[in-house]
Every structure is written in C-alpha cells, then in structure tokens.
2 protein chains.
Amino acid sequence: MSIPESNRGQKKSNVSLAEIAGEAGVSRMTASRVLRGADGYSVKTRDKVLEVAGRLGYVPNRIAAALGSEASNSLVAIALPTLGRELYSQILEGLENKLASVGYQPIVGVVGYDDDTEFKWLNSALAWRPCGLVVTGRPRSAANQALLSSLTVPVMQLWNLKADTDDGLASTHLRVGIDHFEAGRQMGDYLSSRYRGKAGYVGVRQADTVLGQDRLSGFESGYGASAETLFLNDRSSFYAGYYGAEQLLSANPAIRVLYFLDDNMAVGALMFCQAKGIKIPGDVAIAGFGGLDIGSVMPATLTTTRVRRLRVGKQAAENLIKRVTGVPVPLVQDIGVDLEKGETA
Amino acid sequence: MSIPESNRGQKKSNVSLAEIAGEAGVSRMTASRVLRGADGYSVKTRDKVLEVAGRLGYVPNRIAAALGSEASNSLVAIALPTLGRELYSQILEGLENKLASVGYQPIVGVVGYDDDTEFKWLNSALAWRPCGLVVTGRPRSAANQALLSSLTVPVMQLWNLKADTDDGLASTHLRVGIDHFEAGRQMGDYLSSRYRGKAGYVGVRQADTVLGQDRLSGFESGYGASAETLFLNDRSSFYAGYYGAEQLLSANPAIRVLYFLDDNMAVGALMFCQAKGIKIPGDVAIAGFGGLDIGSVMPATLTTTRVRRLRVGKQAAENLIKRVTGVPVPLVQDIGVDLEKGETA
DNA sequence: TGCGCTTACGTTACCGGTAACGCTCAATTT
DNA sequence: AAATTGAGCGTTACCGGTAACGTAAGCGCA
C-alpha cells in the first residue's frame with residue numbers, strides 16, 4: 001500500500017494511519033501508539049513510523065479519533081452574545097490562546113441575548129460532542145436551563161459570577177468572571193465620596209434583556225441613592241452614550257453624576273458634554289465600565305472599572321480544561337476589577 | 001470547592017440512531033434517512049421516527065456522520081491575525097452569522113502575524129478535516145504557502161484582494177475583501193486636492209510584518225508624494241496613534257497631512273493634537289482608515305475610509321459555502337469602500 | 001528446566017453514522 | 001398474464017481511528 005513516488009507531498013489529507021503502518025511495516029495499532037505518544041514500542045519502530053509519517057505528510061484525523069474513543073474530542077464549544085465590541089472579542093482571544101496552547105480547538109457561536117438562537121446553537125454545537133462548553137451567565141429560558149443542566153460535559157459560565165441569578169446553571173457548573181454588583185458598588189461608593197446630588201444611569205436593553213443590571217444595583221447601593229435610569233433599545237455604542245446623555249440630562253437637569261453601562265457609552269457622553277460645553281467633572285461627573293483603551297487617550301482620562309478581559313478568557317479556558325482532564329479546580333473564580341480613578345469623576 | 005469526579009454522570013447524548021431505530025421499529029438506515037431529510041420512506045414511518053427522536057432527545061452525532069461520509073463535514077476553519085480590535089472581530093461576527101445560518105460551524109484560531117504559529121494552527125485545524133478554510137491574505141513563508149496550496153478543500157482569503165502580493169495562494173483560492181491600494185490612493189487623492197505640503201504616515205509593524213503597506217503605497221500614489229513614515233513595533237491602538245503623532249510631528253514639523261494605519265491610531269493622534277493645541281485641520285489634517293464608530297462622536301468627525309466589516313465576513317462565508325457546495329462563485333469579490341469626508345481633513 | 005513477568009507488538013471489535021446495493025411487493029405497462 | 005417499474009425499506013461494508021485483549025520472545029530466578 002505504498003504511495004507512488006509521484007504522489008509524494010500531494011493530497012495530504014488522504015494519508016491514513018493504515019498507509020503509514022503499511023509503509024513502516026507495522027500494524028495500524030503500533031503506528032497509532034507511536035503517533036499518539038503512547039508507550040509500547042521500541043525506539044527503532046518509533047523512528048521508522050515517525051520517518052514515514054513525516055515523509056508522507058500525515059495529518060491525523062481527529063474525527064476518527066473522536067469517534068473511536070469518546071474521550072478524545074478536543075473541541076470546546078463557545079457561545080458569546082456578541083463579538084463586535086472589545087469586551088467579548090478579547091475574552092474570546094483569551095479563551096482561544098489558552099485552548100490552542102493545550103491542543104484544543106474552539107467552535108464559536110454568536111447567539112446574542114436570544115434564548116431561541118442560543119437553544120438552536122447549543123444543539124448544533126453539541127452534535128460535535130464537544131468536551132466542554134462555554135456560555136455567558138445570564139437569565140435563561142426554561143428550555144435552555146434544562147438543556148444545560150442535562151449535560152455531562154463540563155460547562156463554564158463566563159463573566160457573571162453570581163450564582164443566584166436565575167441562569168439555570170447547575171451548581172456543578174464552573175464560573176469565571178467578576179462580581180458585577182461589587183464593581184458597581186465600588187464605583188458608587190467612590191463617587192458618593194466625592195459628589196452629592198442626583199445620579200443618572202444609561203444602559204441598553206437587547207431582546208428584552210437589560211444588560212448590566214447587577215452593576216446598576218451595586219452602583220445604587222454604593223452611591224446610597226437610586227439613579228435616574230434610561231435604557232436604550234440599542235447596542236452599546238459611542239453614539240448610544242452620546243444620545244443617552246443628551247436625553248437623560250435634558251430630562252433631569254439636576255443630575256450630578258452619570259454612570260454608564262460601559263466605556264463606549266461613557267466616552268460618547270463625554271463627547272456630548274464637551275460639545276455642549278458641559279464641564280467634566282465640574283458640572284457632571286462621568287464614569288464608565290470596562291477599562292477600554294480609548295479611555296486613556298481622552299482629553300480627560302475616564303473614570304472606570306478596569307477588567308482584565310483577556311485574563312477572564314484565559315482563566316476560563318484553563319479551569320475548563322482542568323475540569324475536563326479531571327484536575328481539581330475551584331468552582332467559582334473571581335478575576336477581580338480595578339477602580340480606575342480618572343479625571344472625569 | 002473542588003469536585004474531582006463529577007464527570008462521571010450519565011451521558012445525556014448517548015441516544016444513538018440505533019436506539020431510535022429500535023424504538024421506532026425500523027432499521028438504522030431508515031431512521032437515518034428520515035432524520036437527514038433524505039427520501040425513501042413513507043409518511044407513517046417518518047412520523048414515527050421523528051416522534052421517537054423527539055421523545056428521546058436525540059442529538060445527531062456529526063462526528064460519526066463526518067467520518068462516514070467524507071463530504072458531510074460542516075466545520076469551517078478560520079484563522080485570524082487578532083481578535084481584540086473591532087476589525088477582525090466584526091469580520092468574524094459576519095462569518096459566523098452566515099455560516100450558522102446555513103448549518104456550518106466555525107473553528108477559530110488566532111494566529112497573529114507569525115508564520116510558525118499559523119503553520120501549527122493549520123495542521124491542528126486540518127486534523128478536523130474542515131470543508132473550508134478561511135485565512136487572511138498576506139505574505140507567507142514557503143512552508144505555509146506549500147501547505148495551503150496542497151489542500152483540496154476551498155480556501156478563502158479575506159481582506160486582501162490583491163493576487164500579486166506574494167501570499168502563496170493558488171489561483172483557485174477565493175478572495176473577498178477590498179483593494180487596499182485603491183483605498184489609500186483615494187484618500188491620498190482627496191487630501192491632495194485640499195492640502196499641499198509634506199505628508200506623514202504612522203503605522204505599525206508586528207512580527208516583522210508592516211501592516212497596511214498597500215494602503216500606504218496607494219496613499220503616496222494618490223497624494224503625489226512620498227510620506228514621512230513611522231512604524232511602531234506595537235499593536236495598533238489609540239495610544240500608539242497618540243505617541244506616533246507626537247514622534248512624527250516633532251521630527252518633521254513641516255508635516256501638513258497625517259495618514260494612519262487605522263482609525264484607532266487616527267483618534268489617538270486627534271487627541272494628541274487637541275491636547276497640544278494643534279489645530280485640526282488648520283495646522284494638520286488627519287485621516288484614518290476603517291470607519292470605526294468612535295470616529296463619528298469625536299469633537300471633529302474623522303475623515304476616514306469606511307469599510308463594511310460585517311459584510312466582508314458575510315460575503316466571504318457565502319462565497320466559501322457556495323464553492324463548497326459546488327455553486328459557481330466569482331473567484332474575487334471586491335466589497336468596496338466609502339471615503340468618509342469628515343472634519344479632520 | 002520451568003515459571004512468571006515484561007516488552008513489544010498484533011488482532012479483534014467496536015464508535016455512530018452513511019453509501020451502495022439488494023430485496024419485496026404493489027401498481028402500472030405491454 | 002407476464003414483465004417492468006419504483007417506492008420503501010433492510011443489509012453489508014466501510015470511514016479512520018482507539019480500547020481491550022492476546023501473544024510471542026526475552027529475561028531473571030527458584
């Protein structure tokens with residue numbers, strides 16, 4: 001079964017274990033052992049097999065391997081609400097970095113905040129029998145809760161740490177992220193130490209889901225007063241912040257402190273105030289969340305909560321893989337945040 | 001806190017075709033036909049099989065399907081240089097949207113601009129026998145060129161349209177993206193119609209690769225003069241633009257027009273100029289590339305080249321899938337760009 | 001010399017699907 | 001009435017690996 005001389009180096013994906021074995025004069029099983037780095041072969045055999053595999057350009061077939069032994073699937077399914085903004089795309093970068101470094105491959109899905117989309121995606125992703133699943137923590141429909149709870153593969157819940165939000169994840173599911181209530185509380189606390197007066201908050205709502213509710217609650221708790229709120233039916237964006245600030249401030253001129261869902265919006269608001277001659281932080285103090293790069297080059301550096309997004313992804317991947325491979329790992333891991341005291345508040 | 005052996009539970013998805021078939025009183029093959037939507041069964045049989053599959057919560061095993069028929073792999077491997085910034089993450093979002101809508105799954109890899117990383121990733125991704133491959137067009141090492149050229153699955157080259165850049169992609173490979181030379185030329189042309197004087201350009205270099213070279217060439221061609229250039233060994237960022245503008249302007253005070261690798265950097269430069277009291281566009285005109293959202297809320301709207309990033313991804317996925325399924329498709333497709341005449345130039 | 005233990009393999013039986021082909025039987029054609 | 005057809009379904013043989021088990025040769029040791 002040797003490959004004709006003329007075919008060398010072509011059609012890589014046609015080279016199978018059987019061909020390697022034939023060329024090397026051993027059984028398929030022996031070739032398999034050598035190529036997997038299992039033991040049970042002599043140095044001579046190993047060298048011969050590796051030589052042939054290298055010469056023929058053998059690429060192992062993970063599909064067959066995965067079918068053959070249920071345990072050897074190295075696919076990790078990752079569902080993210082969105083990718084277009086820095087937050088989740090950097091988390092994904094962290095996830096991918098770590099996964100790739102230990103030989104795993106991510107299957108990625110963008111499922112928004114819609115239960116139905118998520119449900120469908122989960123089903124098609126599970127058809128690949130991933131060895132692990134990554135989702136973001138959030139309230140879920142009963143169907144999705146049931147599906148996630150019925151799984152035997154490890155599930156990692158990203159970003160949201162709180163277990164008591166009704167996210168339908170069983171207590172065996174892993175969590176890596178931050179405590180959003182605490183992040184909001186910290187910011188509210190800091191602002192209340194420097195300013196008095198009415199607080200305002202601008203966030204967004206997507207598919208009937210209000211994003212960042214825990215942070216808002218924490219903020220109000222820390223600030224010691226409830227905030228005037230405005231929820232835009234939109235994605236978070238610079239423009240949403242610009243527009244939101246305009247709306248909220250004109251409706252509530254007494255607002256002294258403005259908190260935002262994230263830095264994109266806070267920067268937009270900053271631009272709005274700058275355009276309108278509203279003094280920051282003299283007239284209105286502004287705070288965001290996330291610690292995006294843009295904050296650091298603004299005319300006034302943004303007061304925000306810095307989150308190590310790459311780190312969240314890496315740690316999530318690491319813990320998930322540990323669980324997959326049977327290494328003990330903490331159920332919940334808090335990455336923590338840093339309050340960035342900028343010039344806008 | 002750690003739960004070592006919780007992996008041991010019952011497998012939810014061990015419902016196999018055989019069980020469905022048994023329950024429904026038909027052969028595996030018939031159940032397979034029904035579940036795949038192939039033909040060759042009666043309405044009665046179909047209803048029975050579907051009922052059983054629904055009741056037992058059958059999730060098809062794509063791994064087995066892919067092994068069984070070489071053609072049925074619905075995995076698409078996607079290699080991106082980075083994910084943290086808006087550009088590639090939005091392209092990925094577009095890719096994923098389209099792929100998911102037609103039942104395909106993306107396997108994602110972040111390979112930077114390093115040939116070795118890309119080579120390793122390609123090999124591990126190919127082990128999943130994807131039905132298509134997406135990479136970004138750029139100069140490649142001989143090994144990577146050879147690998148890509150030896151493949152029998154369709155390859156989609158993203159972003160860079162030019163065929164004559166030494167990217168090692170065979171002429172059968174698909175391309176979707178924009179003409180970067182033309183985009184630069186257009187901008188240079190526009191700026192030369194409004195300003196005279198020395199031009200400057202700030203870009204970045206990563207892993208010995210100068211990014212956006214074609215745009216720079218086009219820009220110089222359109223502007224009618226070569227530019228003072230500065231290449232930072234860094235990722236593109238607001239801060240890089242801030243710093244780059246500072247460096248280049250102090251070294252060449254005569255610069256009248258500043259062009260940047262992308263909008264992130266242009267915005268950073270804008271901030272620098274604003275901080276230093278340099279009038280825009282009175283003293284220096286600034287132009288970026290990409291059309292990021294941030295540009296539209298700046299105190300002065302950014303002059304830039306708008307690119308529909310989501311569209312690039314969607315179209316790339318669409319063309320690739322067409323090729324995979326044998327539908328005729330243009331080899332090269334230009335998404336086009338729009339010159340955005342803002343207030344900074 | 002015979003017994004057990006290793007080492008280094010080979011054999012067999014799957015994993016869960018699908019392609020290819022074959023069979024049956026009722027409806028239609030000749 | 002015999003021949004032809006095709007819808008509907010079953011059988012067989014894989015796909016390319018891996019787990020589990022079997023076995024022959026070599027070695028130490030009683």
Side-chain angles (χ1 to χ4, degrees), chain A residues 1 3 11-50 52-53 56-75 124 126-131, chain B residues 11-50 52-53 56-75 124 126-131:
Chain A
M1 282 281 163
I3 298 266
K11 301 185 173 184
K12 317 200 63 155
S13 54
N14 279 356
V15 186
S16 71
L17 235 196
E19 289 173 61
I20 304 290
E23 270 277 303
V26 298
S27 69
R28 288 195 303 160
M29 201 53 218
T30 297
S32 171
R33 280 190 272 252
V34 170
L35 292 166
R36 262 180 305 139
D39 50 9
Y41 46 83
S42 64
V43 173
K44 210 176 112 189
T45 302
R46 184 198 63 191
D47 291 347
K48 180 65 181 165
V49 169
L50 291 180
V52 172
L56 266 46
Y58 174 68
V59 177
N61 186 335
R62 283 191 168 284
I63 292 182
L67 219 216
S69 71
E70 201 65 25
S72 82
N73 197 332
S74 62
L75 253 21
S124 55
L126 289 172
W128 282 104
R129 301 291 188 267
C131 62
Chain B
K11 312 203 141 196
K12 128 143 200 158
S13 50
N14 67 1
V15 187
S16 71
L17 237 195
E19 289 174 60
I20 304 291
E23 272 277 304
V26 297
S27 70
R28 288 195 304 159
M29 202 54 218
T30 297
S32 171
R33 280 190 274 252
V34 171
L35 292 166
R36 263 180 304 141
D39 50 11
Y41 47 84
S42 65
V43 173
K44 210 177 112 191
T45 303
R46 184 197 63 191
D47 291 347
K48 181 64 182 165
V49 170
L50 290 180
V52 173
L56 267 48
Y58 174 68
V59 177
N61 186 334
R62 283 191 168 285
I63 291 182
L67 220 215
S69 71
E70 202 63 27
S72 81
N73 197 331
S74 61
L75 252 22
S124 57
L126 289 172
W128 283 105
R129 301 292 187 266
C131 62

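Just the heavy atoms: all of them, side chains too, but no hydrogens, waters or symmetry mates, feed the values below. Keep in mind it's a predicted model, so treat the numbers as computed, not measured. Lettering follows sequence order; numbering is per chain, from 1.
- If you check dA19(D), dC9(C), dG17(D) against the side chain of Thr30(A), the one that comes closest is dC9(C).
- Here the closest non-hydrogen pair linking Asn73(B) and Pro130(B) is ND2-N, 4.1 Å.
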Show your working on side-chain contact (heavy atoms from CB on, under 4.5 Å) between Asp39(B) and Arg33(B) and close with a plain yes or no. CA-CA 6 Å; Asp39(B) 50 11; Arg33(B) 280 190 274 252; over 6 Å; no
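- Listed candidates were dT18(D), dG17(C), dA20(C). Nearest to the side chain of Ser32(A) is dT18(D).
- Annotation for Ala31(A) and Ala21(A): closest pair CB-CB, 4.1 Å, computed over non-hydrogen atoms.
- At least one side-chain nitrogen or oxygen of Thr45(B) sits closer than 4.0 Å to the OP1 or OP2 atom of dC9(D).
- Rounded to an integer number of Å, the gap from NZ of Lys44(B) to C1' of dC9(D) is 13 Å.
- Note on Tyr58(A): every side-chain N or O is 4.0 Å or more away from OP1 and OP2 of dG16(D).
- OP1 or OP2 of dC15(C) has not a single side-chain nitrogen or oxygen of Arg28(B) nearer than 4.0 Å.
- With DNA chain C read from its 5' end, the first of the two nearest nucleotides for Leu67(B) and Arg33(A) is the one closest to Arg33(A).
- One finds no side-chain N or O of Ser27(A) lying less than 4.0 angstrom from the OP1 or OP2 phosphate oxygen of dT11(C).
- Among the nucleotides dG17(C), dA19(D), dC9(D), the one closest to any side-chain atom of Tyr41(B) is dC9(D).
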